[in-house]
Each structure stands twice: as structure tokens, then as C-alpha cells.
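Encoded as C-alpha cells, the structure appears first; notes follow it.
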There are 2 protein chains.
Amino acid sequence: MELQELVLPELKNFKTTPTLVAEALRNGILKGVIRAGQTLRQEELAAAFGVSRIPVREAFRQLEAEGLIKIHPHRGAVVSSLSAFEVQELFEIRGPLETTALRLAIPNLTGLDFQKAARILDLADREETSSRWGELNWDFHATLYAAAGRPRLLGMLVNLEQNVDRYMRLVLTGLDYQQHSQAEHRALLAACREKGVEKAVTLLSGHIEAAGQKLTAYLRQAEEGERQ
Amino acid sequence: MELQELVLPELKNFKTTPTLVAEALRNGILKGVIRAGQTLRQEELAAAFGVSRIPVREAFRQLEAEGLIKIHPHRGAVVSSLSAFEVQELFEIRGPLETTALRLAIPNLTGLDFQKAARILDLADREETSSRWGELNWDFHATLYAAAGRPRLLGMLVNLEQNVDRYMRLVLTGLDYQQHSQAEHRALLAACREKGVEKAVTLLSGHIEAAGQKLTAYLRQAEEGERQ
DNA sequence: TATTGTAAAATTGGATACAATATCCAGCAA
DNA sequence: TTGCTGGATATTGTATCCAATTTTACAATA
């Protein structure tokens, strides 16, 4: 019975076409290749991927459930664009969820986890491109949360991160935020090392709130500019 | 631009076949007509609904993203059955999320909301069938959370509730739990009326935890029984 | 000229049919 | 009994066709 579990990951790689299409589209949206508000035409995408329209449509359903696109019947699928308020809501959800994950994770965090997290922070220090820095940023958080051993919770956090990631990239251009964020990360990591759950939770909560504030303020300003 | 928003809800009613199929399947799963572990055959369902396989497959993708089913490539879709641990995880997620919703909702709760909530509790008192009682149970919670004005958060809570609902029904057969739960609901409602945010949050947190404990204990026992 | 009405084109939604692939199971050999 | 090898079954993916809807273009009218 143990061998079966070793084979399962291999079996999982037998990805079906709709899954591959969904992954490609998800990457495209996250990397900014496909922008918010853009309409996705089935035939065009099917031709681009070299598949028929059916797998594309199935991929659409999956991405809609993830919140990345919105299907308008008979009018096509559009990449969902979030308002400042909606982004704020996502951060309000992330806060309690991520602290929950951290709370569960801290008792399980090992020296290896701390090493990995510290290495990611060092890499992020040297990173300049905002895209890569954003990835490392999330890798750091995910490294901590993974120790919680709560796959479903982690999945929800990944999904939430994906939804705000595109917008967060707009803010990351400012170097001051990156340095500030890095300092907060180091303080958080130190608290985790000392197994100071409440302190770590407080730091994380403030860290997420700060990021949310920064981003929503930016978006509100952008929305104000559009209105004129 | 305001008129467009008035038309949008109308457009939303143009439900497409995959959505209708997904709703039907979701209802079937939630009502227990389709049981956990059961495999869903595309052709069979397509024939039953009088549609082709394409809408059925799209509905599968949607339900998989909601966590209600799991698609095994080339082997069919099966209604996901949760282990005691997975149910526990879902309750661990619900706790902080529902308290967050309540915290945001309390300042906005009006007399009308309190009346509606109280009426639901009275109905639940007279209700005997566990299925209907479960619905009223959730209606009570949803009434409070709706005032938070956070649609995405509410959507996530609905989804989480749907995932554990099937299993919760197993526990609801015991009348003692219903009475205990109703008492907690009344205390919670009173705290909300007095705008006692922290007290209400504490009550809700304990209420959810108690429900989770009850259910996971039941499931663990059932799993133990199966193992023999 | 601006607005309204209508027709055609484009796109999506869905059904049917067919080919390809993977899984499952029964039968057969060792 | 164990392991392998087929075929049967079911799922997956594609192609083709048609219907429904939206959008665009164009003509008609005030």
C-alpha cells in the first residue's frame, strides 16, 4: 500500500488537456501577459494551444471558480479586474487565514524550515525585478505555512495570493516597500524561531494589513484618476 | 453608467446549461441523493438531464473547484468524501473566517436583521427534520454575516458550509445537540444586539469549535469502526 | 445630421458522431 | 495461486454541425 502512494504523484503528472490549458492561462494572467479586462476568445486560444474549444471551455470554468476570470454568457470570458474595495476584502480574508496557518505551523517549524526561509530572504535582498521579488515574497510565506500541515488551508491561501498578485506587482516597483517588507519578514522569522506564537501572529497580522493598506491606497488613487 | 448595473442582475439570470447542471449536482450532493464516494458517470448524467456530455463536464470542473467532487482522469469523477482530519481542517478555517465576518457585520446590523435572525431561531425550535434544521441553522449564521457587506467572504463561507453540511447532518440526529446549539445561537444574537463585538466573537468561536469537535469525534469513531 | 430599425457577420452554446486513450476485468498460462 | 494478456468499458479529446445571442454594419427615417 505504501508503493501506491509513491506512484500517485507520477500519475498526477498525467495532466489532462483542460488542466494544462487552465495552467497556461493562469500563468498568463499572473505574469501579466493577459491583462485584466481582456476578453478571452475560445477559438483564438484553442488555435494558439493547438487544441479544440472544449478543453478551453473547461479551463474557463475552472479559472472562473478560482476567481481569475468571469464568464459572461454568449459574450465571452474576461479576466476579472478587482476594485480597490475588492482587494481590501481579499486582504481582510488573508489576515485571519494566514495567522491561523502560522499559529498551526510554528510548533512544527524545524531548523530546515528556518534555513530555507532565511535563504529566500537573502535571495530577495539581491533581487531587483519586481516579478521575481513577488515570487520570493510568497515563497517565504508559503515555507512557513507549509509546516501547518493543512493542505486545504494552504490551497486557499495560494488562491488568494494569486488573486491579488497581479495588483501587488504595481506597488512593488517602489524599493522602499521592499526594504520595509524585508525587515518585517526578518522580525517575523525571528519570532518564529523563538516559538513566540502571539508575537509572530501580531507581526504577521500587521505585515499583511500594511501590504493591504499600501495596495488599496494605490488602487483608490488610480481609480480616482480614471474617473476624471 | 449606473443604469448598466441595473441590467447586470438581469443578465445573470441567463443561466447557461453547465451552470444549471452544476446546480443540480450540487443540490444532489448536499441533499444526500448523491452520496460521498459515488462515481459520477458523464453519459449517465447527460442522459438523465437531457443534455450532452459537454455541459456535464464543464459542471464537473466547477464542482471540483468547489471541492465537492474530485476528477480522476480516465476514471471518472467521484463525490469527495472527507476524513475526520479534513473536516477538522475545514472547521479550523471556518472559525477565523466567520468571526471576521461577524466582526465586520455587527456595526451594520439593524433591527430588521435581528428580527429576521430571531424568527429563524423560532422556526428552528419547531423543526424536527435534521435536513431542514440544518438549513435554518445556516440561514441564521448567513443573516448575521450578510451585514458585513463582504460578498467574496460570504461566498467562501457558503462554500465551506456546503462542504461540511453533508457530514453535519449525521450529527444533527441527536436532539441534544440541536437544543445546545439553539441556546448558543440565542446568546450570540443577544451579544450582537448589544453590539458587544468581542463577546459575540468569543461566543461564535466557541460555537464553531464545539460543532467541529462534535462532528470530528463522530467521524473518527465511524472511521475506527470501518477499520475493523 | 442624428436616431432608429434591420440585416448580416462573428462568437458562443450545445449536440452528435467519431477517434484515441486509459482503466478495469476476465480468462489463460506458468 | 500468481502474473500476464487480451478485450470490454468508460473517459477524453476532436471534428462537424446547427442554434442562439451579441455585435457590427448599413439602410431608412425624422
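Each chain gets a letter, A, B and so on, in the order the sequences are listed, and its residues count up from 1.
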Rounded to whole angstrom units, what separation is found between the CD atom of B/E44 and the C1' atom of D/dT11? 14 Å

Roughly, in whole Å, what's the span from CD in A/E58 to P in C/dG13? 13 Å

Taking only the side-chain nitrogens and oxygens of A/Q42, find out if one of them lies under 4.0 Å from OP1 or OP2 of C/dT11. no

Between CD1 of B/I54 and C1' of C/dA15 the distance, given in whole Å, is 7 Å

Any idea which of C/dT12, D/dG13, C/dG13 is nearest the A/E43 side chain? C/dT12

Whole-Å distance separating the CZ atom of A/R75 from the P atom of C/dA9: 23 Å

Any idea which of D/dT11, C/dG14, D/dG13 is nearest the A/P18 side chain? D/dG13

If I take atom CZ in residue B/R61 and atom P in nucleotide D/dT11, what distance separates them, rounded to the nearest angstrom? 14 Å

If only side-chain N and O atoms of B/T17 are considered, is one of them under 4.0 Å from the OP1 or OP2 phosphate oxygen of C/dG13? no

Ring-face cation contact, A/F60 with A/R57, 6.0 Å cut, 45° max: no

When all nucleic acid strands are considered with a 4.0 Å heavy-atom cut-off, which category describes B/R57: base, sugar-phosphate, or nothing? base

Closest to the A/V51 side chain: C/dG14, D/dT14, D/dT12? D/dT14

Between P of D/dT11 and CD1 of B/I69, the distance in whole Å: 12 Å

Member of B/E43, B/Q38, B/E44 meeting the side-chain hydrogen bond (donor to acceptor under 3.5 Å, both in side chains) criterion with B/R41: B/E44

Under 3.5 Å, side chain of A/N27 to main-chain N/O of A/V33, donor-acceptor pair present? no

Quiz question: going by heavy-atom distance under 3.5 Å, is there a donor-acceptor pair between the base of D/dG13 and the side chain of B/R53? yes

Would you check if there is a donor-acceptor pair between the side chains of B/E92 and B/Q88 at a distance under 3.5 Å? yes

Answer yes or no: are there more than 12 heavy-atom neighbours, outside A/E209 itself, under 6.0 Å from its atom CD? no

Distance below 4.0 Å between B/T16 side-chain N/O and C/dG14 OP1 or OP2: yes

Specify the separation, in whole Å, of atom CG of A/L45 and atom C1' of D/dG13. 17 Å

Given C/dG14, C/dT11, D/dT22, identify the nucleotide with an atom nearest to the side chain of A/H74. D/dT22

Identified pairing partner of D/dA30, criterion: Watson-Crick or G-U wobble below 3.5 Å: C/dT1

Figure out the NE2/C1' separation between A/H72 and C/dT11, and round it to whole Å. 15 Å

